[in-house]
Amino acid sequence: MIDRLPELGWLQPLSEKERTQLEKEGRFRTYPSKSVLFFQGQPLSDYFFILDGLVSAYQQNESGKRLSVSLFTPGDFFPHVGLLTDAGAYPANAEAITSCRLFILPKEKAWAAFETLPALRRKLTRFLIRKNHELMQRYSDALLHSAADRLLNFLRQLALKIGRRRADGWYAIGIHLTGQNIADYLGIAPETVSRLLHQLVSERFVRREEDRKLLVKIDPQKGR
DNA sequence: GCATTAAGTGGCC
DNA sequence: GGCCACTTAATGC
């Protein structure tokens with residue numbers, strides 16, 4: 001079975017020319033859950049395209065506290081901060097939250113591809129713009145809204161990205177995030193996540209599946 | 001079985 | 001909402 005690069009995320013639509021060039025230059029690899037892809041400050045050798053799974057890019061302080069700077073889902077490309085400019089070193093640490101299937105592209109090959117394939121570069125630009133919007137939205141959320149609202153918002157955004165809409169209108173998030181994962185992303189303590197999750201469940205915004213996975217109700221009108 | 005990790009709770013600030 | 005202490009459940013070698 002030969003690996004093929006799927007039309008996923010910003011890569012679609014993917015022309016046959018783009019596909020063959022990328023497949024020739026990159027490689028596929030699977031990482032187990034919790035494995036570290038790279039550390040902040042290491043020489044940047046490769047870019048990653050997520051085919052399946054979830055990756056957290058995080059910053060860490062002296063006392064070990066983490067802040068998940070970005071969460072990458074299938075179709076995302078990273079690291080994208082400083083892409084094509086000052087990309088000498090990885091800007092953050094990256095860890096697989098779930099087991100992941102990734103397409104890995106060496107830095108020089110990626111730059112060459114963006115140079116020789118203008119259409120690919122335009123698609124990348126649109127992707128970067130979306131990521132920029134996401135970051136701004138998240139930053140203002142952090143300053144303007146309560147932790148409970150941010151948690152609900154986070155679950156909804158995640159559900160819209162990787163969730164499955166069910167017939168009853170609920171969105172099923174098919175992967176399990178630990179309380180710590182969520183806490184790192186929202187910048188709050190895992191105990192708070194646990195409590196807020198109970199609160200959201202009792203308010204009927206969230207439901208729990210048997211296997212610890214979550215269901216979210218997405219009604220913009222009833223947004224707390 | 002024993003150690004580790006995740007989840008949940010109560011209390012105090 | 002953070003932090004600490006403690007309990008319980010789940011997972012791993």
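As the structure is a prediction and not an experimental result, all values here were calculated from the model.
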**Q.** Donor-acceptor pair present, E191(A) side chain and dC4(C) base, under 3.5 Å
**A.**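 When only heavy-atom distances are counted, E191(A) does reach the base of dC4(C) through a donor-acceptor pair under 3.5 Å.
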Using atom [atom1] of [X] as one end and atom [atom2] of [N] as the other, report the distance to the nearest whole Å.
{"X": "L143(A)", "N": "dG1(C)", "atom1": "CG", "atom2": "C1'", "result": "16 Å"}
{"X": "K65(A)", "N": "dC4(C)", "atom1": "NZ", "atom2": "P", "result": "10 Å"}
{"X": "Q199(A)", "N": "dA7(B)", "atom1": "CD", "atom2": "C1'", "result": "18 Å"}
{"X": "L151(A)", "N": "dG1(C)", "atom1": "CG", "atom2": "C1'", "result": "13 Å"}
{"X": "R195(A)", "N": "dG1(C)", "atom1": "CZ", "atom2": "P", "result": "13 Å"}
{"X": "R212(A)", "N": "dA9(C)", "atom1": "CZ", "atom2": "P", "result": "13 Å"}
{"X": "L197(A)", "N": "dG1(C)", "atom1": "CG", "atom2": "P", "result": "15 Å"}
{"X": "D211(A)", "N": "dA6(B)", "atom1": "CG", "atom2": "P", "result": "18 Å"}

Q | Residue among F48(A), Y58(A), F127(A) satisfying ring pair (Phe, Tyr, Trp, His ring centres under 6.0 Å) with F78(A) | A |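 Output: one option passes, namely F48(A).
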(Q) Would you say the ring centers of Y185(A) and F154(A) fall short of 6.0 Å from each other? (A)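 Distance test on ring centres: under 6.0 Å, yes.
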Q) Taking OP1 and OP2 of dA6(B), is either one under 4.0 Å from a side-chain nitrogen or oxygen of K34(A)? A)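 Looking at the OP1 and OP2 atoms of dA6(B), one of them is under 4.0 Å from a side-chain N or O of K34(A).
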Q: Examine dA7(B): is either OP1 or OP2 under 4.0 Å from a nitrogen or oxygen in the side chain of H176(A)? Give yes or no.
A: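 Yes, within the criterion.
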Q) Side chains of S56(A) and S68(A): do they bring a donor and an acceptor to under 3.5 Å? A)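 Yes, side-chain donor-acceptor contact under 3.5 Å.
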Q. dG8(B), dA7(B), dC3(C): which one has an atom nearest the side-chain heavy atoms of T178(A)?
A.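 That would be dA7(B).
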Q) Which nucleotide sits closest to the side chain of T192(A): dG1(C), dC3(C), dG8(B)? A)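 The answer is dG1(C), which lies nearest to the side chain.
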Q: Please report the shortest heavy-atom distance between N93(A) and Q40(A), naming the atom on each side.
A: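 It is OD1-N, 2.9 Å.
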